[in-house]
K.L.:
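I have a structure I would like to understand better, so I am pasting it below and will then ask my questions one at a time.
Reminder, nothing fancy here: chain letters follow the sequence lines and each chain counts from 1.
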Number of protein chains: 4
Amino acid sequence: MDSRLSRTTLRVRGYHLDGYGHVNNARYLEFLEEGRWAYFDERPRLAAFLSRGDLAFVAVNLNIDYRRAAVAGDDLEVLTRLSEIGSRRARIHQEIGRVSDGKVVASADITFVLLDVATGRAVTIDGEIREAMAQLVLA
Amino acid sequence: MDSRLSRTTLRVRGYHLDGYGHVNNARYLEFLEEGRWAYFDERPRLAAFLSRGDLAFVAVNLNIDYRRAAVAGDDLEVLTRLSEIGSRRARIHQEIGRVSDGKVVASADITFVLLDVATGRAVTIDGEIREAMAQLVLA
Amino acid sequence: MDSRLSRTTLRVRGYHLDGYGHVNNARYLEFLEEGRWAYFDERPRLAAFLSRGDLAFVAVNLNIDYRRAAVAGDDLEVLTRLSEIGSRRARIHQEIGRVSDGKVVASADITFVLLDVATGRAVTIDGEIREAMAQLVLA
Amino acid sequence: MDSRLSRTTLRVRGYHLDGYGHVNNARYLEFLEEGRWAYFDERPRLAAFLSRGDLAFVAVNLNIDYRRAAVAGDDLEVLTRLSEIGSRRARIHQEIGRVSDGKVVASADITFVLLDVATGRAVTIDGEIREAMAQLVLA
């Protein structure tokens, strides 16, 4: 697997489902968030910028395609990669796949800004943090 | 308020927040879902088609803009309207606003297909259900 | 209704259910938490002690009986009351009922301590906060 | 580790927390549920009785002690064991511990009945299912 990609797995449980027996739409966002935390865990240089507390990545848009319904007992994998960096926005692409047959269950693009926590304003992504991110882009 | 629009309100509570003290991204999807259920509750003719159980609306895409962070104690309103009907897809537009100042917290478009539950396939939106929906469109 | 009792209502939705079509066990805790926030909203004198930020009520035990399964469309009411104050612990009793027939769906006792936020230690419940609470007890 | 005990691990993430930066009370119930599903996954003989669909274990009581607050980044382990079988009720004991120092974060007893799905009534726990369970009890 490309080192710019992270892979997290989970098993669908009863509490992930809604009344139709399918994974609830909101749960997919938790699966995606889990994938993004794992991505940062595996990239300590990037995580270090954020752990100082003066800067934070904040999601401004999420666009998710629901392709297939996942059900109880399905093993899913969440693939996460940084797909694009602009001057003020960056994008993460994620896919949730079913392990048994490799079919895509959902795919999502999350657009982030880099927030200056003190002012509450988005700042330009440049300098060291841009360098660290540039090496991770997998378009 | 235009009769083609539904309004649902809720107060942000501690269990809606994430570790940053902001409403968690996945919670907004529950707020939106609550708004859609309320929309159907108020439109019994439309709800009747779905309660027969042979047809179901299934989300295939969600596109959500996170505009401002909501915090504990905020009163929010969810505005829901049917914004578009194509031959095979329909779209619902929703806005989550802060009651105190009317600012938009998040806005979302949810694209649906009409699923034939028996075959698991999307069907054309026509006949009586199309008529019922056509009267509700607010572009 | 006794003024020492709070009542909050909600309608069961698809996203509250688990894969069996019943309200998920963890959701009941959110319904209970909603009831407790509403209880404090309606008792500003009590809420004022906590809004200063140096003291907080923290749950140390929850004991919940699941009596009946609630399903989509059920209207539920959450009844909340302070049931007991000891020197170091207080207890809130809550019942979740089905509005249509008044049957109890779940009932719970939540035991709290009063935490000194600075030291992280439980303190004796006395003085003004005890007085404010004593008037609210409904055994 | 005793073969009658199951161990599941997870890392606390931002979406598990509430507005105080602590794991939300309702999330612990999801962690416990995850532990119970893992327990059944590892005990196929027991799972087989339930997968036939005519019998189901249904929780009738949960008693949970919140001992310490878990925060973002904590690695937790959920230990699950069958602690008791009566004629009509069984009990599972679970502990959630912090991996770094072995301290208990929460502990819980969940009491179940065996439900005849067709009649919706609790039945006596006997015959083959009792035998299968008896070997697993760790008081």
K.L.:
Could you pull out every donor-acceptor pair under 3.5 Å between chain C and chain A?
P.N.:
residue : atom : partner : partner atom : Å
C/G14   : O    : A/G19   : N            : 3.4
C/G19   : N    : A/G14   : O            : 3.3

K.L.:
Which pairs count as ring pair (Phe, Tyr, Trp, His ring centres under 6.0 Å) when at least one residue sits in residues 68-90 of chain C, sequence neighbours excluded?
P.N.:
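Passing the test, one end in residues 68-90 of chain C: no pairs.
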
K.L.:
According to ring pair (Phe, Tyr, Trp, His ring centres under 6.0 Å), does anything in residues 117-139 of chain C pair up with another residue at least two apart or in another chain? List the pairs.
P.N.:
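Applying ring pair (Phe, Tyr, Trp, His ring centres under 6.0 Å) to every pair that reaches into residues 117-139 of chain C, excluding sequence neighbours, yields nothing.
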
K.L.:
I'd like to verify something: which residue of A/G14, A/A72, A/G19, A/G21 has the highest number of heavy-atom pairs under 4.5 Å with chain C?
P.N.:
A/G19

